[in-house]
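Lettering follows sequence order; numbering is per chain, from 1.
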Amino acid sequence: MSEGAAKKEEKPRKFQAIRGTRDLLPPETALWNRVEQAVHEVFATFGFGEIRLPILDPTELFARSIGVDTDVVSKEMFTFWDPFDQRLPPKYQIEEARARGINIQNEGELATIGLALSFQQLTLRPEATASVCRAYIERNMQQLPQPVKLYTIGPMFRRERPQKGRYRQFYQIDAEVLGGSDAPGIDAELIEMVMTFLERLGLEGVQLHINSIGDKNCRPKYVELLREELRKVKDKLGPDSQRRVETNPLRVLDSKVEGEQEIIEKLPRISQHLCDACRENYDEVKRQLALRGIVYSQNFRLVRGLDYYVRTTFEITAKGLGSQNAVCGGGRYDGLIELLGGPPTRATGFAIGEDRLILSLQEQAKSKEVASGEWRVASEKPRVEVYVAWMGEKAYATAIRAAKNLRAAGFSVELPPVEQKFGKALGQADKLGARYALILGDNEVESGEWTLKTLATGEQGKFAEAQLLEFLGKKRSGE
RNA sequence: GUGGGAGUAGCUCAGCUGGUAGAGCGUCGGACUGUGGCUCCGAAUGUCGCGGGUUCAAUCCCCGUCUCCCACCCCA
């Protein structure tokens, strides 16, 4: 109260989403839902079931499956120790340690055990395949009729520098076919499924690129050959590629450096060095794609970056994405499940970058809007269908009942929580883009005849309570 | 991790060779106590991203830092 007491209150810190993460808001989320709805519908028609996975898994799982030398594992994972809680009284710390199988005699030993109690290192998953494989093994899915077809949708985390179509928390739509044979028909059908899905969404300008990168019989030989060839021209390569000659020669094929293109064109191609089994397999995949009427282009430079891929790999690019233009990547990974301690199991799968897919859809919508002025990505029904404008206590009771019944019938209803003059109420209704205003005042309560106004035309009519639902229902289905 | 660009109101942006900020849109209120869109009037919201330096004086100049955007690397 005393003047001058106006102390400078420090404003609380303004928080912001951490780098590379973002909030998705309406109306954009409606588009996300539409995309995900299409996933559920289309994938189900191919016999896939949804699996929901933890976002955390042991670091070791990713290191083993993706490969410790990959960028993803070596520098992009969000990893931390699951801490043993040292705030606990020593008595409980000892108990906890024993529960974890660490034999500990007295308090004095606690300190020396130290990090050993921090039992495992956890990682925010950078991709889904490893976790799906872990689940396949852990839940003994080899006992199920093979192959097991699973898909999952959710956030992944990689600590990269954000740019267009790349976030540190990003979303993938992931599908895997585990077990059974390595019949090319499986790869082809998997690709068919993505293409069907993208078509369902109306995404235009998608391109499918395929390649075979051999298996453990022929790939190492090819890699050596490639390395030898690259060494001969090493001085003509940029620093990145020079490094890759030794670390991962396949990656050189992927280079975008202008001056290297000519050299790359002349390098030996893996298609010429596949073993018989891989070549036959690849030929058959292509034949199977053709059988399904799927257009593809072969791209000998398509080398997936994750260690586990063998044989067929593929990538789908889309428009409007900047330089990160792949919306989907996938391939076969026959050795992975065994590597993770499971039975020898054939497997293949893909991941769609949902953020990029959405981005591409939005860009497409933008250009269409410019062209025709009509096309909308999220052509959802309006957020508010009926705005209930009421005045007076008695009318409020009626309004509540009306809102309840309309909602039960599936209409989206906005019921203002405080009394408003009708002018203001209609203004609100208008701003919210409501289709109808239901006007309830003294007159309506007395007569039992409610007033319904169609905002777009200004027409309005009187309805008894029962007639109203009927009228609105007809209107809705008639449109 | 490297390079380039950018940060001023909720949004889009102006702000001259340094003199502590404006517009449009949006939001809220009123003109308008039973009828919206149009119009008019009014209001709120900024530590000019943050920290330091130069200066009598910094949104403006310098350095650092953070974030965003784009690209490289790599990947979806």
Base, sugar-phosphate or nothing for [X]? Non-hydrogen atoms, less than 4.0 Å.
X         : result
Gly392(A) : nothing
Arg356(A) : base
Gln460(A) : base
Arg244(A) : sugar-phosphate
Ile173(A) : nothing
Lys75(A)  : nothing
Gly441(A) : base
Ala456(A) : base
Ala429(A) : nothing
Gln420(A) : nothing
Gln324(A) : base
Met391(A) : sugar-phosphate
Asn443(A) : base
Gly330(A) : nothing

What integer distance in Å separates [X]:[atom1] from [N]:[atom2]?
X         : N      : atom1 : atom2 : value
Tyr167(A) : U67(B) : OH    : P     : 16 Å
Arg243(A) : C74(B) : CZ    : C1'   : 10 Å
Arg19(A)  : G49(B) : CZ    : C1'   : 14 Å
Leu203(A) : A76(B) : CG    : C1'   : 14 Å
Leu359(A) : A76(B) : CG    : C1'   : 12 Å
Glu76(A)  : C72(B) : CD    : C1'   : 13 Å
Asp430(A) : G37(B) : CG    : C1'   : 5 Å
Arg125(A) : A76(B) : CZ    : C1'   : 13 Å

Nucleotide nearest [X] when distance is taken to its side chain, options [options]:
X         : options                : answer
Gln16(A)  : C73(B), U67(B), C70(B) : U67(B)
Arg158(A) : A76(B), C72(B), G34(B) : A76(B)
Arg166(A) : G37(B), G34(B), C72(B) : C72(B)
Phe422(A) : G37(B), C72(B), U35(B) : U35(B)
Arg161(A) : G29(B), A71(B), C74(B) : A71(B)
Pro162(A) : C74(B), C70(B), C69(B) : C69(B)

With rounding to the closest Å, how many angstrom separate the [atom1] atoms on [N] and [M]?
N      : M      : atom1 : value
U45(B) : C11(B) : C1'   : 13 Å
G4(B)  : U39(B) : C1'   : 48 Å
G24(B) : U67(B) : C1'   : 27 Å
A21(B) : A58(B) : C1'   : 13 Å
U59(B) : G1(B)  : P     : 31 Å
U65(B) : G5(B)  : P     : 16 Å
U17(B) : C61(B) : P     : 10 Å
C38(B) : C32(B) : C1'   : 14 Å

**Q.** Between Gln169(A) and Tyr171(A): side-chain donor-acceptor atoms closer than 3.5 Å
**A.** yes
Q) Do you see a donor-acceptor pair shorter than 3.5 Å between the side chains of Gln121(A) and Thr79(A)? A) no
**Q.** Nearest heavy atoms of Leu438(A) and Leu406(A), plus distance in Å
**A.** CD2-CD1, 4.3 Å
**Q.** Closest approach of Leu53(A) to Thr152(A) (non-hydrogen atoms, all atoms of both residues)
**A.** CD1-CG2, 4.0 Å
Q: Report yes if at least one side-chain N or O of Lys424(A) is closer than 4.0 Å to OP1 or OP2 of G37(B); otherwise report no.
A: no
With a 4.0 Å cut-off, would you call [X] and [Y] a salt bridge?
X         : Y         : result
Arg311(A) : Asp182(A) : yes
Glu260(A) : Lys236(A) : no
Arg22(A)  : Asp355(A) : yes
Glu60(A)  : Arg134(A) : no
Arg301(A) : Asp254(A) : no

Q) Relative to the 5' end of RNA chain B, which residue comes earlier, Ile18(A) or Arg168(A), by the nucleotide with the nearest heavy atom? A) Ile18(A)
Q. Taking for each residue the nucleotide of RNA chain B with the nearest heavy atom, is it Val72(A) or Ser323(A) whose nucleotide lies nearer the 5' end?
A. Ser323(A)
Q. Where are the stems of RNA chain B, defined as at least 3 consecutive Watson-Crick or wobble G-U pairs with both distances under 3.5 Å?
A. B:1-7 with B:66-72, B:10-13 with B:22-25, B:27-31 with B:39-43, B:49-53 with B:61-65
Q. Do Phe463(A) and Phe471(A) have ring centres separated by under 6.0 Å?
A. yes
Q: Kindly say whether, by distance alone, the side chain of Lys421(A) makes a donor-acceptor pair under 3.5 Å with the base of U33(B)?
A: no
Name the atoms and distances for all side-chain donor-acceptor pairs under 3.5 Å in residues 388-395 of chain A, with sequence neighbours left out.
from, atom 1, to, atom 2, distance (Å)
Trp390(A), NE1, Pro416(A), O, 2.9

